[in-house]
Amino acid sequence: MQRLSERIAQSEHQHLGQIRFVVESRYSTAKVLRGLGTRERAWRWFGDLRVWDTERNSGVLIYICFADRAVEIVADRGISRCVSDETWQCICQQMSQAFREGHYIDGLTQGLQSVDEILRANLPRKNGENVVDELPNDVIIQ
């Protein structure tokens, strides 16, 4: 997870996006009983971690729920204007496939690389532009 955090930091030097990773391995019984799905959990993390609170509204949350074997990507409005939901879903499917095959680190790394490519293509950092890391790069594991 430390290497993934370092890769997030390196990635953010190439574009104007901010990336957060959350990995949940289980839900509390109360959340299950309330019918809280993975998409809703991802949106809650997006809000709780203030991924939406960046200057360019360019935060992206990659949420992995191992309990449900699901991956969700939530992007703020500054990047979602440029990238279709289908593009994010394709990345989620690729990550999920890697996880099903037992390639957890590869799946996480591939997901980050795909998001990085999208952010570099849509929100490139120009030469000499100040690098501001607005959000922590650590991977949250619950």
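Computed from heavy atoms alone, side chains included, the values below leave out hydrogens, waters and symmetry copies.
No side-chain donor-acceptor contact under 3.5 Å links Asp116 to the backbone of Leu112. With Ser5 contributing its side chain and Asn137 its backbone, the two residues share a donor-acceptor pair below 3.5 Å. Judged by distance alone, with hydrogens and angles left aside, the side-chain atoms of Gln110 form no donor-acceptor pair with the main-chain N or O of Gly107 at under 3.5 Å. Gln18 contributes a side-chain N or O that, together with a main-chain N or O of Leu135, makes up a donor-acceptor pair within less than 3.5 Å. For Ser25 (side chain) and Cys65 (main-chain N/O), no donor-acceptor pair under 3.5 Å exists by modelled atom type. Side-chain atoms of Arg100 never come within 3.5 Å of backbone atoms of Met95 as a donor-acceptor pair (strictly under, hydrogens ignored).
Closest approach of Ile62 to Gly111, counting heavy atoms only: CD1-O, 4.4 Å. Among all heavy-atom pairs drawn from Leu119 and Gly17, the shortest one is CD1-CA, 4.1 Å. Heavy atoms only, all atoms of each residue included: Ser80 and Arg77 are closest at OG-CA, 3.2 Å. Shortest non-hydrogen contact noted between His13 and Ala9 is CD2-O, 3.0 Å. Between Gly78 and Arg81, the shortest heavy-atom contact is CA-NH1, 4.2 Å.
Judged by distance alone, the side chains of Glu101 and Gln97 do bring a donor and an acceptor atom under 3.5 Å apart. In this model, no donor atom of one side chain and acceptor atom of the other lie less than 3.5 Å apart for Gln10 and Arg7. A donor atom on one side chain and an acceptor atom on the other are found under 3.5 Å apart for Glu117 and Gln113.
Ile141 is listed as a side-chain neighbour of Met1, based on a closest heavy-atom distance under 4.5 Å. With a 4.5 Å cut-off on side-chain heavy atoms, His15 and Asn122 do not count as touching.
In this structure, Glu72 CD and Ile64 CD1 are separated by 10.5 Å, a value rounded to the nearest 0.5 Å. How far OH of Tyr63 is from CD of Glu24: 3.5 Å, rounded to the nearest 0.5 Å. One distance of note links CD1 of Ile79 with OG1 of Thr54; it measures 10.5 Å at 0.5 Å rounding. Atom OG1 in Thr38 sits 14.0 Å away from atom CZ in Arg69 (nearest 0.5 Å).
With Ile73 as reference, Ile91 is the one residue of Val83, Leu61, Ile91 to meet the side-chain contact (heavy atoms from CB on, under 4.5 Å) rule. Here the rule is side-chain contact (heavy atoms from CB on, under 4.5 Å) with Phe21, and of Ile140, Leu108, Val60 only Leu108 fits it.
For Phe66 and Phe99, the ring centers sit closer than 6.0 Å to each other.
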Residue pair Ser11, Ile19: steps toward the side chain to side chain contact (heavy atoms under 4.5 Å, CB included) verdict: CA-CA 9 Å; Ser11 165; Ile19 302 170; 3.7 Å; yes
Steps toward side chain to side chain contact (heavy atoms under 4.5 Å, CB included) verdict (Arg125, Gln14): CA-CA 6 Å; Arg125 186 174 303 279; Gln14 305 300 314; 6.0 Å; no
Pair Asp138-Arg20, side chain to side chain contact (heavy atoms under 4.5 Å, CB included): steps then yes or no: CA-CA 7 Å; Asp138 59 315; Arg20 293 299 318 259; 3.3 Å; yes
Residue pair Asp76, Phe46: steps toward the side chain to side chain contact (heavy atoms under 4.5 Å, CB included) verdict: CA-CA 9 Å; Asp76 204 353; Phe46 186 83; 3.9 Å; yes
